[in-house]
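Heads up, the thing below is written out as structure tokens.
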Amino acid sequence: TGTSPAVYTDAAGGVLLLTTGGTENDGLNIQWLGENFHLGATGIRALYFGCRFKISDATETDFFIGLCDTDTDILGAADDSIGFRKADGSTAVSFVTEKATTETTATAFTADTAWHIVEFYYDADSATLEPFVDGVSLGNVAVTNLPDEEQRVSVAFLTGETGANTMHIDYINVFQIGGRNAA
């Protein structure tokens with residue numbers, strides 16, 4: 001119900017500051033660039049995603065950072081997505097792949113208020129998907145529910161309490177090799 005601004009702060013290289021409104025479930029659902037990434041596209045060779053971020057409250061926040069199809073409620077109703085997700089009331093962050101609302105999850109890390117780098121790398125030639133947290137591999141995860149629709153760079157961030165919370169995003173990098181539209 002409150003205002004949830006996204007502003008660039010003064011920091012070397014720039015940092016995006018997301019601030020939720022002060023009512024539970026206030027927040028932001030941000031998607032960039034259009035649906036430019038497709039893990040199942042003809043000719044795709046590889047895809048890399050990486051983001052450096054921190055949150056102000058490890059328990060009373062929800063977030064998703066990754067790729068998702070166009071959706072106005074990423075945390076509640078996404079059909080196809082791949083990325084890192086944390087639910088309100090928990091500090092457990094999961095790596096999630098979702099295809100037609102069917103998910104595969106893997107434990108990623110325990111949320112805190114420090115800076116973290118979350119990444120994943122998909123190698124289409126070997127059909128392997130490997131998430132990383134702070135440069136440490138979580139090992140290959142199942143590609144059973146790899147999204148098969150076009151994806152957008154996506155971030156969702158909500159407060160889980162009465163009171164504003166913040167997320168700082170230092171950078172998001174996404175690179176896809178191959179996978180051009182055949183039309």
Side-chain angles (χ1 to χ4, degrees), residues 1-37 49-120 131 133-134 145 147 149-174:
T1 58
T3 301
S4 298
V7 297
Y8 285 104
T9 62
D10 293 333
V15 172
L16 180 63
L17 172 62
L18 310 180
T19 304
T20 67
T23 303
E24 184 163 356
N25 292 325
D26 278 350
L28 301 101
N29 195 85
I30 303 171
Q31 295 189 295
W32 287 273
L33 300 175
E35 293 182 335
N36 292 331
F37 304 99
F49 177 93
C51 176
R52 182 174 185 257
F53 76 102
K54 71 176 181 175
I55 55 177
S56 64
D57 189 316
T59 305
E60 295 301 327
T61 53
D62 306 64
F63 70 75
F64 174 85
I65 298 171
L67 301 175
C68 183
D69 59 343
T70 302
D71 201 305
T72 58
D73 185 9
I74 295 167
L75 286 165
D79 293 332
D80 294 272
S81 65
I82 181 171
F84 294 84
R85 185 177 65 204
K86 187 192 94 55
D88 176 28
S90 172
T91 58
V93 179
S94 298
F95 179 71
V96 180
T97 58
E98 181 178 23
K99 176 181 176 180
T101 71
T102 301
E103 295 182 354
T104 299
T105 62
T107 301
F109 68 105
T110 301
D112 56 34
T113 59
W115 284 100
H116 291 285
I117 298 172
V118 293
E119 304 166 288
F120 59 87
V133 175
D134 297 325
N145 292 312
E149 293 187 17
E150 289 80 9
Q151 304 284 292
R152 298 171 70 129
V153 175
S154 303
V155 173
F157 180 63
L158 304 177
T159 187
E161 61 189 343
T162 302
N165 282 299
T166 61
M167 173 185 274
H168 289 80
I169 299 175
D170 185 21
Y171 63 79
I172 297 175
N173 292 317
V174 186

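When all heavy atoms are compared, the tightest approach of Asp112 to Ala58 is CA-CB, 3.6 Å. Among all heavy-atom pairs drawn from Asp80 and Ala100, the shortest one is OD1-N, 3.0 Å. For the pair Leu158 and Gly27, the tightest heavy-atom approach, listed with the atom from each and the gap, is CD2-CA, 3.7 Å. Here the shortest heavy-atom pairing between Glu98 and Asp79 reads CG-O, 3.4 Å. Here the shortest heavy-atom pairing between Arg152 and Ser154 reads O-OG, 2.9 Å. Nearest heavy atom pair, residue Cys51 against residue Ile169, reads SG-CG2, 4.0 Å.
Thr166 has its side chain within reach of Leu17: a pair of non-hydrogen atoms, C-beta onward, lies under 4.5 Å apart. In this structure the side chain of Val153 reaches within 4.5 angstrom of the side chain of Leu67, judged on heavy atoms. Using a 4.5 Å heavy-atom threshold, the side chains of Asn165 and Phe157 count as touching. Residues Arg85 and Val93 have side chains not in contact (no heavy-atom distance under 4.5 Å, counting atoms from C-beta outward). Under the 4.5 Å side-chain criterion, counting only non-hydrogen atoms from C-beta, Glu150 is not in contact with Asp69. Between Phe84 and Val133 the shortest side-chain heavy-atom distance falls below 4.5 Å. Side-chain atoms of Phe53 and Phe63, non-hydrogen and from C-beta on, do get closer than 4.5 Å to each other. The shortest side-chain heavy-atom distance between Ser81 and Phe64 falls under the 4.5 Å cut-off.
Salt-bridge annotation for Glu119 and Arg52: absent, with no side-chain N of the basic residue lying under 4.0 Å from a carboxylate O of the acidic one.
Expressed to the nearest 0.5 Å, how far NE2 of His168 lies from CD1 of Ile55 amounts to 12.0 Å. Atoms CD and CD, on Glu24 and Glu60 in that order, are 7.0 Å from each other to the nearest 0.5 Å. Separating the CD1 atom in Ile65 from the NE2 atom in His116 is a distance of 10.5 Å, to the nearest 0.5 Å. Residue Leu16 holds its CG atom at 8.0 Å from CD1 of Ile172, rounded to the nearest 0.5 Å.
Proximity of a side-chain donor or acceptor of Gln31 to a complementary backbone N or O of Asn29 within less than 3.5 Å is not detected. Listed for the Asp62 side chain is no donor-acceptor partner under 3.5 Å among the backbone atoms of Ala87. Judged by distance alone, the side chain of Thr9 and the main-chain N or O of Val15 form a donor-acceptor pair under 3.5 Å. At least one donor-acceptor pair closer than 3.5 Å links the side chain of Gln151 to the backbone N or O of Cys68. Counting only distance, with no hydrogens or angles, the side chain of Ser90 and the backbone of Ala92 share a donor-acceptor pair below 3.5 Å. Lys86 places a side-chain N or O within donor-acceptor distance of the main-chain N or O of Thr59, the cut-off being under 3.5 Å. In this structure, the side chain of Thr159 does not engage the main chain of Thr20 through any donor-acceptor pair within 3.5 Å.
For an aromatic pair to be called close, the ring centres must be under 6.0 Å apart, and Phe120 with Phe49 satisfies this.
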Report task. Report the C-alpha distance between Asp57 and Thr113 in whole Å, list the side-chain angles of each, state the deciding distance to 0.1 Å, and finish with yes or no for side-chain contact (heavy atoms from CB on, under 4.5 Å). Result -> CA-CA 6 Å; Asp57 189 316; Thr113 59; 5.8 Å; no
Query raised in the report: Between Phe37 and Ile82, does a side-chain contact (heavy atoms from CB on, under 4.5 Å) hold up when you go through it step by step?
Result: CA-CA 11 Å; Phe37 304 99; Ile82 181 171; over 6 Å; no
